[in-house]
Amino acid sequence: MAHAPDFDEYLKTLGRLTSHVDPTASTPEAEHIAAATAGLGELMVTDVAGLAAWVRENPGDVPVLGLAIGLSQEKLKNVLRDRFDTSGWHGLARQRPVELITWLDEEFDLVRMLTAQMDRTYTFADILVARAGTRLTATRAGASGRRIEDHIEDIARDLGLDYVTRSRFSGRNGRTAPADLIVGDPNAPDIVVAAKGFDSTGSKLTDAVREIEEMAEVRLPRQLVLAVIDGIGWKSRQADLRRIHQLWVDRQIDGMYTLVTLDRFRADVTEFARLRRLI
DNA sequence: AGCGTTACGACGCACTCGTG
DNA sequence: CACGAGTGCGTCGTAACGCT
């Protein structure tokens with residue numbers, strides 16, 4: 001076995017793994033979108049009935065309608081699962097096309113968005129703005145994540161509890177784990193809370209579960225561990241959600257709440273805090 | 001004070017695999 | 001084999017922190 005090289009030497013040998021993609025190059029996906037858009041342009045009338053007939057014939061083009069109303073493929077899947085209990089747009093477009101289009105129109109103003117945008121003339125700036133679109137979503141992502149944290153922080157402040165947010169706490173054998181809200185001294189806290197809200201999916205949801213499992217492992221029996229979990233992203237990641245729920249069933253954690261059941265969270269925290277004479 | 005770096009939180013998408 | 005569910009890696013922004 002070779003001797004471990006100096007860290008900086010190792011650093012120097014790191015190389016780039018991905019190749020640059022020419023944004024003007026054509027791709028199969030681009031061809032598909034272009035063909036679907038052309039098909040839309042040939043529709044005699046753009047209304048709910050016309051679009052329903054169109055998606056029934058072109059079920060694979062539903063994501064193009066999604067793009068027109070500002071839904072990425074991922075967001076489209078998530079709202080469909082939330083509304084229709086499935087993320088499969090092929091089946092929906094073929095079996096319930098009128099229902100699908102009617103809902104997209106009511107919820108996202110599909111017909112108006114489509115007619116307004118199809119007739120527009122676009123500039124170079126419009127193209128660059130569209131390419132930068134993912135930045136906007138990252139901003140919104142941060143905001144939605146903060147929403148749950150803010151709610152539980154409000155409750156802690158309202159109850160007059162001593163707390164810190166987004167930090168680590170100590171439990172068994174001096175081990176530490178992360179938590180979004182820690183009541184009391186982080187070195188020996190009374191209550192720790194995890195807040196995980198996702199409207200989209202991704203391995204980050206698995207990371208969130210790992211984090212809560214870590215909290216459950218590190219906790220002392222006398223410490224109250226609660227989790228506030230919400231967002232439609234979990235509907236597409238049910239295996240992960242189930243793992244958290246199982247921790248609750250097994251009493252590894254003491255409570256699990258969504259935003260609509262936060263009044264119970266408040267009641268549970270209040271009761272525990274009184275018992276410990278924290279308030 | 002201003003600037004750059006790091007840690008963290010969330011979204012986006014492609015790929016795999018099971019199933020009818 | 002087409003479709004849908006599940007899973008892992010990549011992209012992006014903000015806040016906190018440390019250095020000059």
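Chain A is the first sequence line, chain B the second, and so forth, proteins listed ahead of strands; every chain is numbered from 1.
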_If you only use heavy atoms from C-beta on, which nucleotide in dG9(B), dA14(B), dC11(B) is closest to the side chain of D199(A)?_
dC11(B)
*Per R94(A) side chain, nearest of listed nucleotides dG9(B), dG12(B), dA2(C)*: dA2(C)
[X] [atom1] to [N] [atom2]: how many Å, rounded?
X	N	atom1	atom2	value
I229(A)	dA10(B)	CD1	C1'	14 Å
Q73(A)	dC11(B)	CD	C1'	14 Å
L76(A)	dC13(B)	CG	C1'	13 Å
L205(A)	dC11(B)	CG	P	8 Å
W234(A)	dG9(B)	CH2	C1'	13 Å
I232(A)	dG12(B)	CD1	C1'	14 Å
F198(A)	dC13(B)	CZ	P	18 Å
K196(A)	dA10(B)	NZ	C1'	11 Å

Under 3.5 Å, which protein N or O atoms sit close to an N or O of nucleotides 4-9 of chain C? Give each pair with its distance.
| residue | atom | partner | partner atom | Å |
| --- | --- | --- | --- | --- |
| dG4(C) | OP1 | G91(A) | N | 2.9 |
| dG4(C) | OP2 | H90(A) | N | 3.4 |
| dG4(C) | OP2 | H90(A) | ND1 | 3.3 |
| dA5(C) | OP1 | T86(A) | OG1 | 3.3 |
| dA5(C) | OP2 | S87(A) | N | 3.2 |
| dA5(C) | OP2 | S87(A) | OG | 2.6 |
| dG8(C) | N7 | R237(A) | NH2 | 3.2 |
| dC9(C) | N4 | S203(A) | N | 3.0 |
| dC9(C) | N4 | S203(A) | OG | 2.7 |

Extract all donor-acceptor atom pairs below 3.5 Å that involve side chains of residues 58-74 of chain A and protein atoms in other chains or at least two apart in sequence.
| residue | atom | partner | partner atom | Å |
| --- | --- | --- | --- | --- |
| N58(A) | ND2 | W54(A) | O | 2.9 |
| D61(A) | OD1 | H32(A) | NE2 | 2.5 |
| S72(A) | OG | K75(A) | N | 3.1 |
| E74(A) | OE2 | N78(A) | ND2 | 3.3 |
| E74(A) | OE2 | T201(A) | N | 3.4 |
| E74(A) | OE2 | T201(A) | OG1 | 2.2 |

*Do Y257(A) and D268(A) get their side chains close enough for a donor-acceptor pair, meaning under 3.5 Å?*
yes
Anything under 3.5 Å between a donor and an acceptor, one on a side chain of residues 82-89 of chain A, the other on a protein residue two or more places apart or in another chain? List them.
| residue | atom | partner | partner atom | Å |
| --- | --- | --- | --- | --- |
| D82(A) | OD1 | K235(A) | NZ | 2.5 |
| T86(A) | OG1 | G88(A) | N | 3.1 |

For a quick test of your reading: what N or O donor-acceptor pairs under 3.5 Å do the side chains of residues 243-250 of chain A make, sequence neighbours left out?
| residue | atom | partner | partner atom | Å |
| --- | --- | --- | --- | --- |
| R243(A) | NE | E213(A) | OE2 | 3.4 |
| R243(A) | NH1 | D240(A) | OD1 | 3.3 |
| R243(A) | NH2 | E213(A) | OE1 | 3.2 |
| R243(A) | NH2 | E213(A) | OE2 | 3.2 |
| Q246(A) | NE2 | D250(A) | OD1 | 3.2 |
| W248(A) | NE1 | D254(A) | O | 3.4 |

_I need the full list of side-chain hydrogen bond (donor to acceptor under 3.5 Å, both in side chains) pairs touching residues 98-108 of chain A, with sequence neighbours left out, sorted by first then second residue._
R96(A)-E99(A)
*Remember a base hit wins even if backbone is also touched, and classify D207(A) as base, sugar-phosphate or nothing at under 4.0 Å, heavy atoms.*
nothing
Which donor-acceptor pairs under 3.5 Å do the side chains of residues 176-184 of chain A make with protein atoms, sequence neighbours left out?
| residue | atom | partner | partner atom | Å |
| --- | --- | --- | --- | --- |
| T176(A) | OG1 | R168(A) | NE | 3.1 |
| T176(A) | OG1 | R168(A) | NH2 | 3.3 |
| D180(A) | OD2 | A195(A) | N | 2.8 |
| D180(A) | OD2 | K196(A) | NZ | 3.4 |

